[in-house]
There are 2 protein chains.
Amino acid sequence: MYGDNEICHARCTTTVRQNAGMLELAILGFLYDAPLHGYELRKRITALTAHVRPVAESTLYPAIKRLEKSGLLVRATEPGAVAAPRHVLSLTDQGRRELRRRLAEPDQRDITDENRWFTVLAFLRHLDDAAAQAVVLRRRLAFLEEPASFFYEGDRPVRAEELDDPFRRGVLTIARATSRAEVGWLRETLDSLGG
Amino acid sequence: MYGDNEICHARCTTTVRQNAGMLELAILGFLYDAPLHGYELRKRITALTAHVRPVAESTLYPAIKRLEKSGLLVRATEPGAVAAPRHVLSLTDQGRRELRRRLAEPDQRDITDENRWFTVLAFLRHLDDAAAQAVVLRRRLAFLEEPASFFYEGDRPVRAEELDDPFRRGVLTIARATSRAEVGWLRETLDSLGG
DNA sequence: CGAAGATACCTCGTCACCGATGTATGGCGA
DNA sequence: TCGCCATACATCGGTGACGAGGTATCTTCG
């Protein structure tokens with residue numbers, strides 16, 4: 001169903017592949033709108049995530065190959081408009097289904113890691129169902145609302161005001177501001193989705 | 001100097017090892033304060049980063065081994081206070097120097113990726129020199145101040161208000177709030193460092 | 001006494017990602 | 001016309017990280 005990922009070897013039991021990587025998600029997401037060739041795809045991914053987490057070319061092309069091998073996308077060679085010949089990539093029906101599945105049932109990592117979460121958000125509109133979108137947003141909201149700190153003394157979380165380390169205080173200050181902004185946005189958006 | 005990393009094989013030229021991983025930084029950082037055994041170390045790292053990016057045991061122990069092999073830490077076996085015998089880990093002088101070096105000259109990734117950046121911040125107090133701390137903070141400030149967007153139409157960055165996709169608008173809204181909070185904190189802290 | 005659960009460490013196979021490098025083509029300025 | 005840069009794709013070896021197991025000790029509770 002999901003490419004060659006259902007087969008795990010050796011000491012590994014059969015699972016739906018975890019660790020699916022936000023790069024693949026981004027590829028599927030951008031191709032969902034329109035076919036693109038690799039180089040253009042790379043520029044879009046770079047714009048989306050690269051100032052945070054640059055994507056090496058040597059990572060992109062193997063990822064495309066993986067997705068092709070799994071039947072999620074196909075390529076058509078086209079004479080290069082500007083330079084060398086291009087491979088125009090487009091999603092198969094299976095690829096489109098797979099994107100929607102990954103958006104609807106994101107890995108817990110995609111919820112907790114801000115980088116991955118932003119990638120999910122960037123393509124969440126491709127879920128046609130507002131209820132399904134709301135489910136995903138609520139998972140993020142639940143994560144942000146569970147009490148969590150960065151620093152502990154024993155079992156007790158340390159509050160920003162107690163820290164004499166200005167840098168650790170910064171971490172807490174910034175995290176708090178981010179969280180507040182996002183919780184506000186999530187609530188608003190959930191309201192407007194009629195969830 | 002930095003373990004066995006100065007030797008690169010085959011098609012690889014000699015470099016100071018990039019991609020040093022925030023896990024190693026966290027290990028060095030926590031051990032800088034006090035010797036710890038692996039299990040306790042894991043709990044502290046978990047508290048620091050795990051609700052965002054969980055650390056598997058199978059990642060921690062090999063990382064400890066790497067650092068030991070590089071001469072950055074040593075272990076002393078101790079009868080287990082509660083259960084199985086522990087390996088108490090402590091930094092060598094070389095390890096202490098290496099932490100300070102990694103903090104003083106962080107990889108660009110450590111500046112741009114919020115997860116890595118928070119790890120740097122969590123231990124930045126271990127740089128004894130306020131000027132050196134200020135240099136690092138200014139790198140982050142410079143990064144946050146350079147104009148960057150997530151979404152483009154052609155070459156023009158798209159502003160939050162123009163987007164009809166509520167989720168992408170969310171990405172921009174949240175990123176903006178975070179950035180504002182952090183820039184404010186950075187300026188304040190730089191002032192108080194006398195930079 | 002025996003099972004359960006926390007503590008504590010470890011190995012193995014797999015995989016995504018990386019940097020370095022290679023190979024073309026076409027446009028542009030000196 | 002020569003070099004340089006952008007376009008466009010690809011391979012290779014190395015490495016950090018992961019999930020799935022395994023081993024052993026000590027405490028707690030029934």
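For the numbers below, each heavy atom of this structure counts, side chains included, while hydrogens, waters and symmetry mates do not. What you see is a predicted model; the values in this text were computed from it and never measured.
- For the OP1/OP2 pair of D:dA10 and a distance below 4.0 Å, the side-chain nitrogens and oxygens of A:Arg42 include no atom meeting the criterion.
- In this entry the distance linking CG of A:Leu41 with P of D:dT7 reads 15 Å, nearest Å.
- Between the OH atom of A:Tyr39 and the P atom of D:dA10 there is a distance of 14 Å, given to the nearest Å.
- Remark: B:Arg44 pairs with B:Glu40 by the side-chain hydrogen bond (donor to acceptor under 3.5 Å, both in side chains) rule, at least two apart or across chains.
- For the pair A:Ile45 CD1 and C:dA16 P, the computed distance is 15 Å after rounding to whole Å.
- In this structure, B:His87 does not reach the C:dA8 phosphate: none of its side-chain N or O atoms is under 4.0 Å from OP1 or OP2.
- Between the CG atom of B:Leu60 and the P atom of D:dG16 there is a distance of 14 Å, rounded to whole Å.
- In the set D:dA10, D:dT7, C:dA16, D:dA10 carries the atom at the smallest distance from any side-chain atom of A:Glu57.
- Salt bridge annotation for B:Glu182-B:Arg187: absent, with no cationic side-chain nitrogen under 4.0 angstrom from a carboxylate oxygen.
- Distances shown here put a side-chain N or O of B:Tyr61 below 4.0 Å from the OP1 or OP2 atom of C:dC9.
- A salt bridge between B:Glu98 and B:Arg101 is present, with a side-chain N of the basic residue lying under 4.0 Å from a carboxylate O of the acidic one.
- Residue-to-nucleotide contacts include a donor-acceptor pair under 3.5 Å from the side chain of A:Ser58 to the base of C:dG19.
- As a whole-Å value, the separation of B:Met22 CE from C:dC18 P is 14 Å.
- The nearest whole Å value for the distance from the CZ atom in B:Arg75 to the C1' atom in C:dC9 is 9 Å.
- OP1 or OP2 of D:dC18 has at least one side-chain nitrogen or oxygen of B:Thr59 nearer than 4.0 Å.
- Residue B:Leu23 contributes atom CG, which lies 12 Å from atom C1' of D:dC18 at whole-angstrom precision.
- With rounding to whole Å, A:Glu24 atom CD is found 12 Å from C:dC15 atom P.
- Checked against the 6.0 Å centroid threshold, A:Phe123 and A:Phe30 count as a close aromatic pair.
- A side chain to side chain donor-acceptor pair (under 3.5 Å) check over residues 119-132 of chain A, counting only residues at least two apart or in different chains, returns the pairs A:Asp33-A:Arg125, A:Asp33-A:His126, A:Arg125-B:Asp165.
- Using a 4.0 Å heavy-atom criterion, one finds that B:Lys65 contacts the sugar-phosphate atoms exclusively.
- Of the candidates C:dC9, D:dC18, D:dA8, the closest approach to any side-chain atom of A:Arg86 belongs to D:dA8.
- When distances are taken from the side chain of A:His37 to each of D:dT7, D:dC9, C:dC17, the shortest belongs to D:dC9.
- Ranking D:dG19, D:dG16, D:dC9 by closeness to the A:Arg109 side chain, first place goes to D:dG19.
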